[in-house]
Participant: 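Sharing a structure with you now.
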Amino acid sequence: MSETRVRFAPSPTGQIHIGNIRTALFNWLYAKKEEGTFILRIEDTDQKRSTAEFEEVIKQEMEWLGLDWDEGVQAGGELGPYRQSERIDIYEEYAEKLLAKDLAYYCYCTPEELDEMRKQARENDQAPKYDGRCRDLSAVEREKLEAEGKEAVLRFKLPKSEKKIVVEDLVHGNVEFSSEVLDDFVIVKSDGIPTYNFAVVVDDHLMEISHVIRGEDHLSNTPKQMLLFEALDFEVPNFAHLPMILGADRSKLSKRSGEDYVYISEYRKQGYLPEAMLNFLSLLGWSPADEEEILSIEEIIGQFGLQEVNNSPAVFDVEKLNWLNGNYIREAKLDRIVELATPYLREAGYIEEELTEQEYADLEQIVDTVRGSLDYVAQITEHVDIFFNELEYEDVDKAEEIFKQEDVDLVLETLKDSLDTLEDYSSEAVLEELRAVLKELPVGGRLFYHPVRYALSGQDSGPELYNIISILGKEETLRRLDKALSLI
RNA sequence: GCCCCCAUCGUCUAGAGGCCUAGGAUACCAGGUUUUCAUCCUGGCGGCAGGGGUUCGAAUCCCCUUGGGGGUACCA
């Protein structure tokens, strides 16, 4: 088994979490790097919580990020089906095998009995383990319980004597467990559906998975699975348990750990670019060889390796994501950012459904002018008001104060006159004109730029002045200059 | 409670015994880009959790403590 085959196996029980998508990414990167196969398997054995809708969400978010899969749900493949709910008969077959080998047994204990058992154990400072009371039920006893209509689960029979189980983990090294800390765990629920630990073993074997790359929260489950691999005479795959992603408060990333957003969909909706997301996520737990951190996905694939994966948990730092994303927004092709920005601008009422050619050209210029200060595209609505709405000074007293400074009347008049005669309103031409006017005036930059900016935008800060003027156009610029002059 | 993992600037990390007076990124601060916010450039602030060993020498190896995380389900 030399071919690299990895899988991402999420449960369709909710929105897809940042931590999960990082797991998907690392699997995908490893498959690309090793020229292996990346498989998407849906683990929907929790019938109560799994929905088709969330499976769609998983596929959509992966597609958005460009994490394409070679085999699996939707893509198909030789070793399907790839949805666990469609593989029940397969698990049954292997459950039979364990039963036949006397490595599994039926348990008739009710959830209430089990709860009681755990409670007792806890009170006596014992580990809350199943005590194995159904392990040696005779055929007669079983029949009697069946006759009473008791439902049964199938439990795995732990080895009688203590056994060391060593997980050879690619990121953590050898991790040793004792079978003593385990109990006879359930492998098939009373409704005939396998549990996670059982299904995952059967599937990883049948789908010929070479490397199981998953979150570290699964490390503790691994000894159980290793016992199952062994019991079924399956070859054990390689394991790599990725460090957890934590929230700002160092607890598990969640709505309560200080982050506004923990689902990948929320970042998508705020206008984060997929390549920024990928770049950022790749840096959580993995680091490139040299010091450059802004990397294309091809560069990441080229450098990626499980060897370089860190083993300590990482805090999700949205500040750094913002920096990266802002970078990608500035570097991206303009029309792409315009397209991404359009829905936000529409929703905020700045632009119409249909744009004329001229309107689109103006929009392009606005987006280009403003993109420099964005962390994510949704923020654009906070920066464009000055271009779309009638200018209103929020603080008229302050405006007067600014305009009534010495020589400011001269500044505004002179600028107005020269802009009145200017024909070319391209930002280059306007920039040149501004410089020329400033040179003629008996004031420095401070008394020029700030009052003019305030006159044109009603703000102390904003995009480059020459861009503002160029976008506003002659008519509107002169109007605003007049409005300022009227206050003096 | 028990088991497992982890521990370098606020954060992401480099560092696999001497190359480390610990490097980079981000964030923050200051200066520059003849105004400002942002971008960009330059500089600065800031860290090996604590204690024992091992060694000529430890951020690096071992042990303990402390702290954090995960698991302990008929969830995955």
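Here is how names work: the chains are called A, B, and so on, in the same order as the sequence lines, proteins then strands, and each is numbered from 1. Every value quoted in this text rests on a predicted model; they were computed, and no experiment measured them.
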Participant: Quickly work out the A:E216 CD to B:A7 P distance and round it to whole Å.
Facilitator: 10 Å

Participant: Does B:A76 have OP1 or OP2 sitting under 4.0 Å from an N or O in the side chain of A:K189?
Facilitator: yes

Participant: Looking at B:U35, I'd like to know if its phosphate oxygens (OP1 or OP2) sit under 4.0 Å from a side-chain N or O belonging to A:S461.
Facilitator: no

Participant: Given the side-chain rings of A:H211 and A:F26, with only the six-membered ring counted for Trp, is the space between their centroids under 6.0 Å?
Facilitator: no

Participant: Classify the nucleic acid contact of A:H218 as base, sugar-phosphate or nothing, counting any heavy atom under 4.0 Å across all strands shown.
Facilitator: base

Participant: Would you kindly check whether a donor in the side chain of A:S312 faces an acceptor in the base of B:C6, or vice versa, at under 3.5 angstrom?
Facilitator: no

Participant: Can you find a side-chain donor-acceptor pair between A:N325 and A:Y267 that sits under 3.5 Å?
Facilitator: no

Participant: Does A:R330 get its side chain close enough to the base of B:U39, under 3.5 Å, for a donor-acceptor pair?
Facilitator: no

Participant: Scan A:H172 against the nucleic acid and name what it touches under 4.0 Å (heavy atoms): base, sugar-phosphate only, or nothing.
Facilitator: sugar-phosphate

Participant: Establish whether the base of B:A76 is bridged to the side chain of A:N197 by a donor-acceptor pair shorter than 3.5 Å.
Facilitator: no

Participant: Rounded to whole angstroms, how far apart are CG on A:N311 and P on B:C12?
Facilitator: 13 Å

Participant: By the 4.0 Å heavy-atom rule, please label A:S373 as base, sugar-phosphate, or nothing.
Facilitator: sugar-phosphate

Participant: Between P on B:G10 and NZ on A:K320, what's the gap in Å once rounded to a whole number?
Facilitator: 15 Å

Participant: Base, sugar-phosphate alone, or nothing: which one does A:P313 contact when heavy atoms must sit under 4.0 Å apart?
Facilitator: sugar-phosphate

Participant: Would you indicate what A:D290 reaches in the nucleic acid, counting non-hydrogen atoms under 4.0 angstrom: base, sugar-phosphate, or nothing?
Facilitator: nothing

Participant: What is the nucleic acid contact for A:D46, judged by heavy atoms within less than 4.0 Å: base, sugar-phosphate only, or nothing?
Facilitator: sugar-phosphate

Participant: Just how far, in rounded Å, is P of B:A73 from OH of A:Y196?
Facilitator: 15 Å

Participant: Within the 3.5 Å criterion, strictly below it, is a donor on A:S179 or A:E162 matched to an acceptor on the partner's side chain?
Facilitator: no

Participant: Determine the contact category for A:R118: base if any of its heavy atoms lies under 4.0 Å from a base atom, sugar-phosphate if only primed atoms, P, OP1 or OP2 are that close, otherwise nothing.
Facilitator: sugar-phosphate

Participant: For the side chain of A:E293 and the base of B:G24, is some donor closer than 3.5 Å to an acceptor across the two?
Facilitator: yes

